[in-house]
Amino acid sequence: MTSWTEELTRARLHVVSGKGGTGKTTVAAALALALATGGRRVLLVEVEGRQGIAQLFDRAPLPYSEERIASAPGGGEVHALAVDAEAALLEYLAMFYNLGFAGRTLRKMGAIEFATTLAPGLRDVLLTGKVKECVNRTGPDGRHLYDAVVLDAPPTGRVVKFLDVTKAMADLAKVGPIKGQSEGVVRLLHSGDTAVHLVALLEEMPVRETLDAVADLDGADLRPGAVLVNRVQPVRLPARSLPVAAEGRLDEARVRAGLQTAGLDLDEFTLEGLVDETVEHAIRVQSQQEAKELLGESDLPTLELPDLTDGVDVAALYELAEALVAAGVR
């Protein structure tokens with residue numbers, strides 16, 4: 001496992017993506033808590049309309065407003081925002097075109113749905129535009145309102161298209177507020193202020209999809225950040241015993257003798273079950289090690305998060321955040 005880098009510490013927008021089922025939203029929430037540790041103020045944003053943040057923190061569905069949802073050790077705060085494309089469009093119309101009332105009328109007419117259907121990329125432009133506004137917003141003292149923004153982004157199969165669609169919109173819009181807005185988003189997402197972190201499991205398919213995503217990000221001139229390896233199981237066997245156990249060549253008599261020395265006298269059925277579990281564990285550990293070697297091809301900082309056997313609740317999020325802080329996240 002490698003550590004968080006100084007370059008990542010300087011980033012202000014942390015985009016979190018990953019193959020479906022890897023725990024992307026859980027890791028994004030834990031990262032927000034880790035970044036807030038020590039008295040910082042962090043915004044956790046979701047854009048897929050799943051209300052995953054509210055479920056993780058055991059709260060009612062989030063409205064389209066920034067809500068304080070958690071405290072972090074050292075006096076930090078985590079706020080959350082569920083971005084809605086329609087609300088973002090109304091906000092955009094009111095901000096740049098003075099169409100607050102007209103925008104509400106458009107919504108009743110279904111014009112917003114028509115617009116995003118006519119230009120599918122417009123939805124992603126609105127979502128990334130709102131994220132950019134949150135990253136750049138300053139308070140009365142001129143300081144950024146949030147020390148960092150964590151974006152729970154779409155899965156790896158769609159994340160590059162999601163992040164880079166604004167570039168295409170900037171090419172289409174030659175003048176006016178749309179051009180300025182698009183160019184601002186492009187500058188942020190393609191700058192050192194943004195890092196795209198990828199959540200993976202130590203399994204062949206998630207690792208290969210992670211490596212593909214790294215290549216796609218590089219190809220789009222988007223900066224890969226760290227690989228956050230989720231659900232890493234501890235190794236409970238000495239290294240010299242792993243190959244033997246994985247091949248199923250355990251000596252039950254020796255296992256029984258060892259257990260008896262420790263004061264455990266198991267019946268035959270229980271002993272067989274224990275041996276079977278040991279073999280399965282050894283096979284799983286070897287598979288994790290192979291996946292870790294493959295993941296090393298990314299040449300990115302790799303941080304590991306433990307497998308939480310009791311499931312994920314708010315307390316578990318803090319446990320994961322502690323692991324990230326221990327790996328240097330700040």
Side-chain angles (χ1 to χ4, degrees), residues 1-5 8-9 11 13-37 40 42-48 50-58 69-70 72 76 78-82 131 148-159 162-163 194-203 205-207 209-211 213-214 217 223-233 288 291-292 295 298 300-330:
M1 183 176 75
T2 54
S3 298
W4 200 251
T5 65
L8 294 178
T9 298
L13 173 59
H14 298 267
V15 180
V16 179
S17 183
K19 179 179 170 61
T22 57
K24 170 176 67 72
T25 300
T26 297
V27 174
L31 179 60
L33 284 168
L35 290 168
T37 297
R40 291 178 290 273
V42 175
L43 179 66
L44 175 60
V45 182
E46 67 177 9
V47 292
E48 295 183 275
R50 297 186 294 106
Q51 288 291 340
I53 295 173
Q55 293 173 34
L56 275 177
F57 286 92
D58 196 23
I69 59 168
V78 176
H79 295 243
L81 171 66
V131 172
V149 174
V150 177
L151 171 60
D152 179 16
T156 47
R158 205 174 86 78
V159 69
F162 171 78
L163 293 174
T194 299
V196 185
H197 308 298
L198 300 168
V199 181
L201 303 178
L202 289 180
E203 299 171 5
M205 287 304 294
V207 166
E209 186 157 330
T210 298
L211 295 176
V214 171
L217 289 167
R223 182 163 68 111
V227 177
L228 304 172
V229 183
N230 197 19
R231 301 176 195 156
V232 177
Q233 297 188 356
Q288 283 192 167
K292 193 178 296 187
L295 197 56
S298 70
L300 295 175
T302 303
L303 283 64
E304 295 182 1
L305 292 167
D307 184 31
L308 302 176
T309 55
D310 294 331
V312 177
D313 56 13
V314 176
L317 292 176
Y318 281 91
E319 183 179 339
L320 294 175
E322 285 180 11
L324 290 172
V325 171
V329 173
R330 60 195 185 281

Value rounded to 0.5 Å, distance of [atom1] in [X] from [atom2] in [Y]:
X: E322; Y: L305; atom1: CD; atom2: CG; value: 12.0 Å
X: T26; Y: L308; atom1: OG1; atom2: CG; value: 9.0 Å
X: M205; Y: T22; atom1: CE; atom2: OG1; value: 13.0 Å
X: H79; Y: L44; atom1: NE2; atom2: CG; value: 11.5 Å
X: R330; Y: R40; atom1: CZ; atom2: CZ; value: 8.5 Å
X: R158; Y: L163; atom1: CZ; atom2: CG; value: 9.5 Å

How far apart are the closest heavy atoms of [X] and [Y], and which atoms are they?
X: A316; Y: G311; answer: CB-O, 3.9 Å
X: A29; Y: L56; answer: CB-CD1, 3.9 Å
X: T37; Y: A72; answer: N-CB, 3.8 Å
X: P306; Y: A323; answer: CD-CB, 4.2 Å
X: L201; Y: V207; answer: O-CG2, 3.3 Å
X: A153; Y: V15; answer: CB-CG1, 3.5 Å

For L151 and F162, run side-chain contact (heavy atoms from CB on, under 4.5 Å): C-alpha distance rounded to whole Å, both residues' side-chain angles, the deciding distance at 0.1 Å, then the answer.
CA-CA 12 Å; L151 171 60; F162 171 78; 4.1 Å; yes
Could you go step by step and tell me if L198 and L217 meet the side-chain contact (heavy atoms from CB on, under 4.5 Å) rule?
CA-CA 11 Å; L198 300 168; L217 289 167; 4.2 Å; yes
Salt bridge flag under 4.0 Å for residues K24 and E48:
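Yes, charged N to carboxylate O under 4.0 Å.
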In terms of the angle between their ring planes, are H197 and H14 parallel, tilted or perpendicular, with boundaries placed at 30° and 60°?
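Rings of H197 and H14: parallel, as their planes differ by under 30°.
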Closer than 3.5 angstrom, by distance alone: can the side chain of [X] be matched with the main-chain N or O of [Y] as a donor-acceptor pair?
X: S17; Y: P154; result: yes
X: Q55; Y: R50; result: yes
X: T302; Y: L300; result: yes
X: E209; Y: T156; result: no

Of L43, V196, V149, the residue whose pairing with L13 passes side-chain contact (heavy atoms from CB on, under 4.5 Å):
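Exactly one candidate clears the test, V149.
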For a 4.5 angstrom cut-off between non-hydrogen side-chain atoms, does [X] reach [Y]?
X: D58; Y: D313; value: no
X: F57; Y: L317; value: yes
X: S298; Y: T210; value: no
X: V78; Y: V150; value: no
X: V27; Y: L320; value: no

Looking only at side-chain N and O atoms, does D152 offer a donor or acceptor that is under 3.5 Å from a partner on T25?
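Their side chains do contain a donor-acceptor pair, which is all the 3.5 Å distance test asks for.
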